[in-house]
Amino acid sequence: MATIVLVCAAGVSGTFLARRIGPSLPDVDFVVTTEPGLDDVLPGADAVLVAPQLADSAASIRARVAPRPVGILPAVAMTPAGSILAVDAVDALVQSLASHD
């Protein structure tokens, strides 16, 4: 089981996304947080997925969560029609975890 932290601006869109794609990713546990709350959830995190509204903060988030892999969602992934893109992004993160083992 991989634990992926989904970082979004207020937590609402991330929660909706995690609920929408969670059934497609049964081996992934999602933890949704905001950027200020990121440090509180990092101890159990395997990887971090950044919502598109925080893409400008990706470099600072990468520095804070290193050496964990970080993915950035495209804006369309936050829409119901973009769920497959979000699943693909999570799959890529999980694959990067497997390659580091």
### Message
I'd like to know if the side chain of Arg20 and the backbone of Met78 have a donor-acceptor N/O pair within less than 3.5 Å.
### Response
yes
### Task
Could you work out the complete set of other residues in the hydrophobic cluster of Val12, with links drawn between I, L, V, M, F, W and Y side chains under 4.5 Å apart?
Phe16
### Task
Establish whether Val87 and Val94 are linked, either directly or via other cluster members, by ILVMFWY side-chain heavy-atom contacts under 4.5 Å.
yes
### Task
For Arg19, check side chain to side chain donor-acceptor pair (under 3.5 Å) against everything at least two apart and list the hits.
none
#### Entry: Val28 and Asp91, any side-chain heavy atoms less than 4.5 Å apart
no
### Straight-line distance of Ile4 CD1 to Asp46 CG, nearest 0.5 Å
6.5 Å
### Query
What are the two closest non-hydrogen atoms of Gln53 and Ser13, and how far apart are they?
NE2-OG, 3.3 Å
### Query
Considering only heavy atoms from C-beta outward, does the side chain of Val70 approach that of Val50 to under 4.5 Å?
yes
### Side-chain touch Leu49/Val7, heavy atoms, less than 4.5 angstrom
no
### Query
Are side-chain heavy atoms of Val5 and Arg68 found at a separation under 4.5 Å?
no
### Ile21 to Ser83 - nearest heavy-atom pair and separation
CG2-O, 3.8 Å
### Message
Side chains of Leu93 and Val90, heavy atoms from C-beta outward: is any pair under 4.5 Å?
### Response
no
### Query
Tell me, do Val48 and Pro69 make a side-chain contact under 4.5 Å, heavy atoms counted?
no
### Closest contact, heavy atoms only, Gly14 versus Cys8
N-SG, 3.4 Å
### Summary
Nearest heavy-atom approach of Ala77 to Leu73 is CB-CD2, 3.9 Å
### Which atom of Asp29 lies closest to which atom of Met1, heavy atoms considered
N-SD, 3.5 Å
Listing, residues 31-38 side-chain donor-acceptor contacts under 3.5 Å, not counting sequence neighbours, or none:
residue : atom : partner : partner atom : Å
Thr33   : OG1  : Gly37   : O            : 3.4
Thr34   : OG1  : Gly37   : N            : 3.4

### Query
Same cluster for Leu54 and Val41 if Ile/Leu/Val/Met/Phe/Trp/Tyr side chains link at under 4.5 Å?
yes
### Task
Spell out, as yes or no, whether a donor-acceptor pair under 3.5 Å connects the side chain of Ser57 to the backbone of Ser60.
no
### Task
May I ask you to test the Phe30-Thr15 pair for a side-chain heavy-atom distance under 4.5 Å?
no
### Query
Heavy atoms, side chains only, cut-off 4.5 Å: are Leu17 and Leu6 in contact?
yes
